[in-house]
Amino acid sequence: MGAAPIVDRVIRRLVPVAAAVVALLVGCSADTTRTPSAPAGTTEEAAEVEPWPTASAASVGLDAEVLDRLARDARRRGSTCFAVVRDGRLVTEGNWREHAPDRSREVFSVTKSVAAALVGIAAREGLLELDEPAARHVPAWRGTPAAAVTVRHLLANASGREHSAESDYTELIGARDRTAYAVGLEQAYPPGTAWAYNNAAIQSLDAVLRGAVGGPVDEFARERLFEPLGMLDSRLTRDASGRSTNLFFGMQTTCRDLARFGQLFLDDGRAAGRRLLDRGFVADVARPSSRHTSAYGLLWWLNRTGTVRGALDAVDGAGQPVRVEDGQLAPGAPERLFAALGLGGQVLLVDPGTDTLVVRLGLLASERGRSYSVSDAARVVTEAVR
């Protein structure tokens, strides 16, 4: 089977759960629906961050007519914003459907890639190590089968933690304390032996980070990531307990802020002359992190050719895929490309080869019935780069 059908299959399997998931998210956590213009506690220093430098398409080697066509297509398909950055300069930006550039909105699983960055920051500060047992920071896992799960296992979605559609898309979302629920699940397989797009396992990183940094993870994100990058309209949210920070979804942000986040990875972990992430960590997120799939790094999706695993692929009793398929997430696009993806076509695409970022946020279903995808965003690289 070709690569394009793989992408379509993944999208089709997500569509039936999308409406139910969104309804539960809105109903179970009012905190995730607020859209403040700036997060509480923004410092005066952060507020002075320079706006994006701009450039014409031609000056950075992009075809203006192609960009205009791709922007029109994005708008037609339910987008609320679309932005392209190349060589560190904003080339194209559109904001539609009454969404101002600084109006924050939910980006669903794009949050996971931000969670990975927070782990990388904590590692650089010596607060944790990727290859240490997560139980060092999660006391409930000590002396249990989960004691063998490392922080890297959680980032790679290879932890072997209990996982099902019900646990991930109903019980976790409906839990008052989502982190406590996630930590309390069973260890289904030995870590490293199976791969699953496991929301609950990723939510467990809240317990890991909270234990490592000694405080709420949303505050750590604001102080160590959002403010240094100038992401003034971004914040992580907490669940109904008020204690746990949502890390498998829940970030509220804008196209411009996500572009700043992506630029951190194009700049090898540096921002405004300050190193936030080690070079080795930046490289790790963008290469396959387990033998089970070529399309996943450390909470980032990859465009490597090879085995492609979808978020809802069926597995057997040993956690192995019932059906194995090869291909690429974005056929024909560079293999070095990687992306943060969220339900409903939320995309942050990072292409180190052309020093290009593409950000698209939008509605959960496009007007044409097919969600926007990483393949659509990759057309900037495959069609507009001259």
Side-chain angles (χ1 to χ4, degrees), residues 29 31-32 39 41 109 111-163 167-168 171-173 175-188 190-192 198-228 235-251 269 276-278 280-281 284-285 289 298-299:
S29 182
D31 186 57
T32 67
S109 288
T111 310
K112 294 177 170 71
S113 300
V114 172
L118 297 178
V119 172
I121 291 170
R124 175 166 175 77
E125 295 183 7
L127 301 174
L128 57 74
E129 297 178 6
L130 266 62
D131 294 309
E132 71 182 6
R136 176 182 173 190
H137 309 286
V138 186
W141 287 358
R142 297 171 190 169
T144 75
V149 174
T150 66
V151 177
R152 189 183 297 273
H153 284 139
L154 294 171
L155 293 173
N157 269 329
S159 65
R161 297 288 294 159
E162 181 180 341
H163 171 264
S167 65
D168 254 22
E171 294 178 355
L172 173 65
I173 294 170
R176 178 175 176 78
D177 189 326
R178 291 173 176 145
T179 300
Y181 172 82
V183 167
L185 291 173
E186 298 295 323
Q187 186 70 29
N198 190 331
N199 286 328
I202 295 165
Q203 183 59 30
S204 298
L205 286 169
D206 177 53
V208 173
L209 281 167
R210 191 192 309 161
V213 307
V217 177
D218 60 326
E219 294 180 7
F220 181 76
R222 173 175 55 80
E223 296 169 1
R224 299 296 210 280
L225 182 64
F226 297 155
E227 289 182 357
R235 69 186 191 112
L236 296 180
T237 57
R238 297 190 190 182
D239 62 15
S241 74
R243 179 171 183 265
S244 297
T245 299
N246 296 307
L247 289 183
F248 70 100
F249 88 107
M251 179 179 172
L276 301 184
L277 299 170
D278 288 333
F281 181 83
D284 277 353
V285 305
S289 56
L298 299 180
L299 297 184

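Values in this document were obtained by computation on a predicted structure and should not be read as measured data.
Ala175 and Tyr181 get closest at one heavy-atom pair: CB-CB, 3.8 Å. In plain terms, the two heavy atoms of Ala115 and Leu299 that are nearest each other are CB-CD1, 4.3 Å. Closest approach of Pro191 to Ala148, counting heavy atoms only: CG-O, 3.6 Å. Closest non-hydrogen pair, Leu225 versus Ala117, comes out as CD2-CB, 4.4 Å. Residues Leu298 and Ser289 come closest through the heavy atom pair CD2-CB, 3.6 Å. Residues Phe220 and Ile121 share a closest heavy-atom pair of CZ-CG2, 3.8 Å.
For Glu186, the CD atom is loosely surrounded, since the number of other residues' heavy atoms within 6.0 Å does not exceed 12.
Within the structure, salt bridge (Lys or Arg N to Asp or Glu O under 4.0 Å) contacts touching residues 113-123 (residues at least two apart or in different chains) do not occur. Residue pairs satisfying the salt bridge (Lys or Arg N to Asp or Glu O under 4.0 Å) criterion with at least one member in residues 150-161, sequence neighbours excluded, are listed as follows: Asp131-Arg152, Arg152-Asp284.
Note that the CZ atom of Phe249 and the CG atom of Asn199 stand 9.5 Å from one another [nearest 0.5 Å]. To the nearest 0.5 Å, atom CG of residue Leu154 and atom OG of residue Ser159 are 5.0 Å apart. Distance check: Asn246 CG to Gln203 CD gives 5.5 Å after rounding to the nearest 0.5 Å. Thr245 OG1 to Arg210 CZ: the interatomic distance, rounded to the nearest 0.5 Å, is 7.0 Å. Note that CG of Leu209 and OG of Ser204 are 11.0 Å apart. Values are rounded to the nearest 0.5 Å. Note: Leu277 CG to Leu118 CG = 9.0 Å, rounded to the nearest 0.5 Å.
Tested against Thr179 for a side-chain contact (heavy atoms from CB on, under 4.5 Å), the candidates Asp206, Leu247, Val208 yield a single pass: Asp206.
Partners of Asp278 under the salt bridge (charged side-chain N to carboxylate O under 4.0 Å, His left out) rule, at least two apart in sequence or in another chain, are Arg124. Glu171 is linked by a salt bridge (charged side-chain N to carboxylate O under 4.0 Å, His left out) to nothing, counting only residues two or more places apart in sequence or in another chain. Considering only residues two or more places apart in sequence or on other chains, Asp218 meets the salt bridge (charged side-chain N to carboxylate O under 4.0 Å, His left out) condition with Arg238.
Residues Val213 and Leu128 have side chains not in contact (no heavy-atom distance under 4.5 Å, counting atoms from C-beta outward). Side chains of Asp168 and His163 form a contact here, defined as non-hydrogen atoms less than 4.5 Å apart.
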(request) Carefully, step by step, assess Thr150 and Leu130 under the rule side-chain contact (heavy atoms from CB on, under 4.5 Å). (result) CA-CA 7 Å; Thr150 66; Leu130 266 62; over 6 Å; no
Anything under 3.5 Å between a donor and an acceptor, one on a side chain of residues 134-141, the other on a protein residue two or more places apart or in another chain? List them.
from   : atom 1 : to     : atom 2 : distance (Å)
Arg136 : NH1    : Glu132 : OE1    : 2.4
His137 : NE2    : Glu132 : OE2    : 2.6
Trp141 : NE1    : Val183 : O      : 2.9

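Checked by atom type and distance alone, the side chain of Ser244 never pairs as donor or acceptor with a backbone atom of Asp177 at under 3.5 Å.
At a cut-off of 3.5 Å, with distance as the only test, no side-chain donor of Ser241 or Arg178 sits close to an acceptor on the other residue.
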